[in-house]
Amino acid sequence: MARVDPEEYVEEVLAVVERIPPGRAMSYGAIADYLSDRSGRSSARLVGSIMAKHGGSVPWHRVVAANGRVVPGHQGEALARLVGEATPMKNGRVDLSRAAWWPE
DNA sequence: GGGGTGACCCAGT
DNA sequence: TACTGGGCCACCC
């Protein structure tokens, strides 16, 4: 069967992240679900793992965990960027209820 | 071929 | 709000 190469999957993930408009955010699970419908393979852990390796070229700060928490190690920076883009926040966490976005 | 690992997710305490 | 345990699934060695 023609499973997508890891590099292709990475490209898809990065493409979706780049498509996230300012002031919006997506959770790893959401991206995984979107890619699942597109490439058949997804898992929130996969997306996170990919971001850890190849996320340096995309606005990873717009990607947060499903509970609205920002990535460890860069919270301060991510938070500042999110605030600068008017992303809905709540006590240091992203309010996904308002920031949730979907690539359509 | 087998085992360990993880930018996660959900529910319970 | 924070912490714990269990589950998930592909990646890397």
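Values below: all heavy atoms of this structure, side chains included; hydrogens, waters and symmetry mates excluded. In what follows, chains carry the letters A, B, and so on, assigned in the order in which the sequence lines appear, proteins first and then strands, with residues in each chain numbered from 1. Keep in mind the model is a prediction, meaning the values are calculated, not measured.
- The minimum heavy-atom distance linking A/Pro21 with A/Trp101 is given by the pair CD-CE2, 3.2 Å.
- Side-chain contact check for A/Ser42 versus A/Tyr34: every heavy-atom pair is 4.5 Å or farther apart.
- Taking all atoms of both residues into account, the shortest heavy-atom contact from A/Ala78 to A/Val70 is CB-CG1, 3.7 Å.
- Rounding to whole angstrom units, CG of residue A/Asp33 and P of C/dC9 are separated by 13 Å.
- Whole-Å rounding puts the A/Arg69 CZ to C/dC3 C1' distance at 10 Å.
- The side-chain heavy atoms of A/Met51 and A/Val63, taken from C-beta on, include a pair separated by under 4.5 Å.
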Return the polar atom pairs (N/O with N/O) between nucleotides 9-13 of chain B and the protein under 3.5 Å, or none.
residue : atom : partner : partner atom : Å
B/dC9   : OP1  : A/Gly29 : N            : 3.3
B/dC9   : OP1  : A/Ala66 : N            : 3.2
B/dC9   : OP2  : A/Ala66 : N            : 2.9

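- No side-chain donor-acceptor contact under 3.5 Å links A/Ser27 to the backbone of A/Ala66.
- Under the 4.5 Å side-chain criterion, counting only non-hydrogen atoms from C-beta, A/Val17 is in contact with A/Pro59.
- Rounded to an integer number of Å, the gap from OH of A/Tyr9 to P of C/dC9 is 12 Å.
- Between the CE atom of A/Met26 and the C1' atom of B/dC8 there is a distance of 14 Å, given to the nearest Å.
- As a whole-Å value, the separation of A/Met51 CE from B/dT5 P is 24 Å.
- Nearest-nucleotide mapping onto DNA chain C: of A/Asn91 and A/Ser49, the residue sitting toward the 5' end is A/Asn91.
- The salt bridge (charged side-chain N to carboxylate O under 4.0 Å, His left out) contacts involving residues 47-64 of chain A comprise A/Arg62-A/Glu85, where partners must be two or more places apart or lie in separate chains.
- Regarding A/Glu8, its CD atom lies at a distance of 13 Å from the P atom of C/dC11, rounded to whole Å.
- Rounded to whole Å, the distance from CG on A/Leu46 to P on C/dC12 is 9 Å.
- Here C/dT1 is the nucleotide among C/dT1, C/dC12, C/dA10 with the atom lying nearest to any side-chain atom of A/Arg93.
- Of all heavy-atom pairs spanning A/Arg19 and A/Pro103, the tightest one is NH2-O, 3.2 Å.
- Within the 4.5 Å cutoff, the side chain of A/Met89 has heavy atoms near those of the A/Leu79 side chain.
- Residues from residues 95-104 of chain A lying near DNA chain B, meaning a heavy-atom separation below 4.0 Å, are absent.
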